[in-house]
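No hydrogens, no waters, no symmetry mates; every other heavy atom, side chains included, goes into these values.
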Amino acid sequence: MRVILYTGKGGVGKTSVAAATAVRCARLGYRTLVISTDAAHSLGDSLDVPIADRPVEIAPNLWAQEVNALHELESHWDRIHDYLSALFASQGVDDIVAEELASPPGMEEVASLMWIKHHQRGGIFDVLVVDCAPTGETLQLLAFPDVARWYLNKIFPIERRVMRVARPMVQPFVNIPLPSDDIFGSIKDLLLDLEGMKKVLGDPKHCTVRLVLNLEKMVVKEAQRAFTYLSLYDYLTDLVVVNRVLPPEVTDSYFTSWRAAQKRYDEVVETAFAPVPILRTKLFDHEIVGVDALGEMADSIFGDRDPAEIYYHSVPQRITKKGTEYELMLHLPFVSKDEIELSHRDDELFVTVGPYKREISLPRSLRGRVTRGARLDEGMLRITFGSAKS
């Protein structure tokens, strides 16, 4: 199943572009599902049809779904939520506040993305177009599986073994509920689900991310940061879509300064995201609502091209061997060396860019080797590994 994730700063027209992509894919004969995981759903409004929390066919070969985040959260987090609520309440936290604290920020969106794995297993659809939350929330979601894997591999086995031995002896002497094996089982199931989701989203042969932006300074800057962080977490960005470009037929002098600004930022976009392809769509003189209007937008964006194709194939992380040394290359555009922090421990490399930290599990060829140095070369972080520790 081809998976296309659309994200971008709020208000850039991300939902319309995602829906237009789905409409074009369906008209090309792909069994297509467009799904919204944004808590503030607008997909139904864009398609101008009622949508449920399960796929609804709205046109030939086209289905749509707006995930009920609360329902998905309950199904994936219910037991853990109940335990955490009891834990906070045992410490005197108000019941309502305890309920809120038991649901960590972002869990609703994470639970919503579980549907991607579900549809991939189901095998019903050829193309899945995902209207994600705005950029910041999406980046947190895409980082979540990496964090989950660390807990699954490092913390979960130890905590469960310790608790199994200590619980009978400790519980009578403390005033907080200790987690049962059922709780640990639910946590493990959740983490494994997240790991499975990562395998789907992290497969560049089937899943890519597309950035939607407008030609405005703040929007372009956020898109650049998003591109950096997507590279950090090994997600392939195969396309940038520039929305609401003033068409040539708009000649009114009222738009002169706006056109000049768009031209200036269009040049920035062209330079900044190369060699990732950039497609543009005009600012329409009417509202883009409904399947027919979305089809018109798809024609403007893609022309005769197939939206389901992968437009760019470069994976942002590579390893090469040079003599007796290895070099790990990580594509991190738009950052300076002062913004990057590296640490290396055993078979793990930790890369921090701004507020985002990634653990890279090193391949067998690099385990036990010593880092000799690192340099940032035209947006490519190059980390050299020497011989193994004696």
For this session: Rounded to the nearest 0.5 Å, what's the gap from CZ on R244 to CD1 on I288? Could you check?
Result: 10.0 Å
Exercise. Is the backbone of Y254 close enough, under 3.5 Å, to the side chain of D252 for a donor and an acceptor to pair up by distance?
Worked result: yes
Exercise. Taking everything shown except E341 itself, do over 12 heavy atoms lie less than 6.0 Å from its CD?
Worked result: no
Problem set entry | Salt bridge present between E327 and R375 (N-O < 4.0 angstrom) | yes
Problem set entry | Inter-residue atom distance D238.CG - C207.SG, 0.5 Å rounding | 9.5 Å
For this session: Check the pair K263 / E267 against salt bridge (charged side-chain N to carboxylate O under 4.0 Å, His left out), numbers first and verdict last.
Result: CA-CA 6 Å; K263 183 177 185 300; E267 292 171 355; 2.9 Å; yes
Problem set entry | Residues E270, R280: salt bridge by 4.0 Å N-O rule | yes
Problem set entry | Donor + acceptor pair across side chains of H206, Q120 (<3.5 Å) | no
Exercise. Does K217 make a cation-pi contact with Y265 (under 6.0 Å, within 45 degrees of the axis)?
Worked result: no
For this session: For the pair D234 and R318, find out whether any cationic side-chain nitrogen is under 4.0 Å from an anionic carboxylate oxygen.
Result: no
Problem set entry | CA sep, side-chain torsions, deciding dist, call: Y326, F385, ring-ring contact (aromatic ring centres under 6.0 Å, His included) | CA-CA 5 Å; Y326 287 84; F385 292 81; 8.3 Å; no
Exercise. Looking only at side chains, do D306 and Y30 share a donor and an acceptor under 3.5 Å apart?
Worked result: yes
For this session: Please name all residues satisfying ring pair (Phe, Tyr, Trp, His ring centres under 6.0 Å) with F273, sequence neighbours left out, ordered by chain then number.
Result: F227, F334
Problem set entry | Given V23, T21, L28, the one that forms side chain to side chain contact (heavy atoms under 4.5 Å, CB included) with C25 | T21
Exercise. Does any donor atom in the side chain of R2 or T208 lie under 3.5 Å from an acceptor atom in the other side chain?
Worked result: yes
Problem set entry | Between S42 and T15, a side-chain donor and acceptor under 3.5 Å | yes
